[in-house]
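Below is one structure, written out as structure tokens; comments come after it.
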Amino acid sequence: MLMEMATDSQTQDRRAALPPAQLATVQRACRHIEARIADGEGGAVTLAELGRHCRMSPWHLQRLFKQVMGVTPRQYGDAKRLERLRAGLQQGDGVAAATYEAGFGSSSRVYERSDAALGMTPATYAKGGKGADIAYGTAASPLGRLLAAATPRGICFVGLGDSDSKLEAELRQDFWAADSIHRDDSQLGQALGQLLNLLTGKEPHADLPLDIRATAFQRRVWQELRRIPLGETRSYGDIARALGNESASRAVGRACATNPVSLIVPCHRARGTNGSLTGYRWGIKRKAALLKREAEVGGRKKIL
């Protein structure tokens, strides 16, 4: 049954006048868009891809789709992603998990649209950091600004971005219920130094105390991620098989998306089953650059 994206009488009249075969084509396009969102790989379906799937020229398909649905294929996909996002957040999923499940490449894209799309920021749907006392610090890195945050027990958040202000906003959005979030570069100096050593290839991993909440499965995935050698990657399916459950690739992808301590737990070393980089909270370009840097460092170490 076609989703009622537009319900005005003129749209309904135009829809009723169309041959069943054309309605079936639009329905096929809708199912393809929905399947792409459900697979967790993210990314908008291009008109070219949709045209090939429906065996129709992209231009004609776009025109037919809008005539039937009242919106373009891209707008339909956006609406379905936001619908999935709302459901995930209302069910108690964290922002990163709900973002991944909805097919968004990064949570920053969601926050940019949250007022119009959700009526509030995603953090107001989720619970995070209640009662926590969090200090954070920032530093320049080869991949932009680096932010690390910690409770008295250990590191609770690591992020990469274009500016301190954006990273600080991400931290506050993730830990909106914290009792205190304050800047303390001196307290985070050692942690930032170890993270910079990771980014520059001076160290293969960072031995830092962590304060992160996770299910037993998430912890198993994160432990497996830390076993991936510098300069290498594993698919979600590879990781699922290593955990003894080859059907859990989507759950692995979700565990990667919920990782709050990037770099320490190297979720960037996980890729889609088809080899694609898939979504990364701090941006696909940054993920690609990070993997390239690690491959170069790993290659040099093998030669030595």
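Along the sequence shown, residues are numbered consecutively beginning with 1. When reading the values below, keep in mind they use all heavy atoms of this one structure, side chains included, and skip hydrogens, waters and symmetry mates.
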Looking at [X] and [Y], what are the two nearest heavy atoms and their distance?
X: Tyr136; Y: Ala149; result: CB-CB, 3.8 Å
X: Arg172; Y: Ile181; result: NH2-O, 3.3 Å
X: Ile212; Y: Pro260; result: CG2-CG, 3.5 Å
X: Arg293; Y: Pro142; result: NH2-CB, 3.4 Å
X: Cys267; Y: Ser262; result: SG-OG, 4.4 Å
X: Tyr236; Y: Ser249; result: CB-O, 3.5 Å

For a side-chain contact (heavy atoms from CB on, under 4.5 Å) check, start with the C-alpha distance between Val26 and Leu23, then their side-chain angles and the critical distance, and finish with the verdict. CA-CA 5 Å; Val26 174; Leu23 292 174; 5.9 Å; no
Approximate separation, where rounding is to 0.5 Å, of [X] [atom1] and [Y] [atom2]:
X: Leu290; Y: Lys285; atom1: CG; atom2: NZ; result: 16.0 Å
X: Leu263; Y: Ile155; atom1: CG; atom2: CD1; result: 11.5 Å
X: Thr151; Y: Leu210; atom1: OG1; atom2: CG; result: 10.0 Å
X: Asp174; Y: Trp176; atom1: CG; atom2: CH2; result: 12.0 Å
X: Leu50; Y: Arg28; atom1: CG; atom2: CZ; result: 9.5 Å
X: Leu188; Y: Gln194; atom1: CG; atom2: CD; result: 12.0 Å

Pair Arg31 + Glu34, salt bridge at N-O below 4.0 Å: yes
Are Glu224 and Arg227 ion-paired here, with the side-chain N under 4.0 Å from a carboxylate O?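 Salt bridge: yes.
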Among His268, Arg269, Arg271, side chain to side chain donor-acceptor pair (under 3.5 Å) partner for Thr233: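 For Thr233, the side chain to side chain donor-acceptor pair (under 3.5 Å) check succeeds only for Arg271.
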Taking [X] for the side chain and [Y] for the main chain, is one N or O donor matched with an acceptor at less than 3.5 Å?
X: Asn259; Y: Val265; result: yes
X: Asp238; Y: Ser235; result: yes
X: Trp222; Y: Ala255; result: yes
X: Arg286; Y: Trp282; result: yes
X: Lys166; Y: Gly161; result: no

Do any side-chain atoms of residues 54-62 form donor-acceptor pairs under 3.5 angstrom with protein atoms, and if so which ones, sequence neighbours left out?
| from | atom 1 | to | atom 2 | distance (Å) |
| --- | --- | --- | --- | --- |
| Ser57 | OG | His60 | N | 3.2 |
| Ser57 | OG | His60 | ND1 | 2.7 |

For Arg153, does the CZ atom have more than 12 heavy-atom neighbours from other residues, nucleotides or ligands under 6.0 Å away? no
After noting the C-alpha distance and the side-chain angles of Asp133 and Asp179, does the key distance pass the side-chain contact (heavy atoms from CB on, under 4.5 Å) rule? CA-CA 6 Å; Asp133 178 16; Asp179 282 354; 5.7 Å; no
[X] versus [Y]: any side-chain heavy-atom pair under 4.5 Å?
X: Leu167; Y: Leu160; answer: no
X: Ile134; Y: Cys156; answer: yes
X: Pro73; Y: Leu47; answer: yes

Quick check: is Val71 connected to Val45 through a chain of hydrophobic side chains (ILVMFWY, heavy atoms under 4.5 Å apart)? yes
Before giving the answer on side chain to side chain donor-acceptor pair (under 3.5 Å), spell out for Ser163 and Ser165 the whole-Å C-alpha distance, their side-chain angles and the decisive distance to 0.1 Å. CA-CA 5 Å; Ser163 69; Ser165 61; 3.2 Å; yes
For Ala140, side-chain contact (heavy atoms from CB on, under 4.5 Å) partners two or more places apart: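 Scan of Ala140 (side-chain contact (heavy atoms from CB on, under 4.5 Å), adjacent residues dropped) gives Arg145.
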Run the side-chain contact (heavy atoms from CB on, under 4.5 Å) test against Asp185 and tell me which residues pass, sequence neighbours left out.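 side-chain contact (heavy atoms from CB on, under 4.5 Å) check on Asp185 returns Thr138, Arg183.
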Counting the benzene-type ring for Trp, do Tyr76 and Phe65 have ring centres under 6.0 Å apart? yes
Yes or no on salt bridge (charged side-chain N to carboxylate O under 4.0 Å, His left out) for Glu294 and Lys292, after CA distance, side-chain angles and deciding distance? CA-CA 5 Å; Glu294 289 189 346; Lys292 181 180 179 182; over 6 Å; no
Run the side-chain contact (heavy atoms from CB on, under 4.5 Å) test on Val158 and Leu147 for me, step by step, so that the C-alpha distance in whole Å, both residues' side-chain angles and the decisive distance to 0.1 Å come before the verdict. CA-CA 6 Å; Val158 176; Leu147 184 148; over 6 Å; no
Taking side-chain contact (heavy atoms from CB on, under 4.5 Å) as the criterion, tell me which of Ile239, Val252, Ile264 meets it with Leu225. Ile239
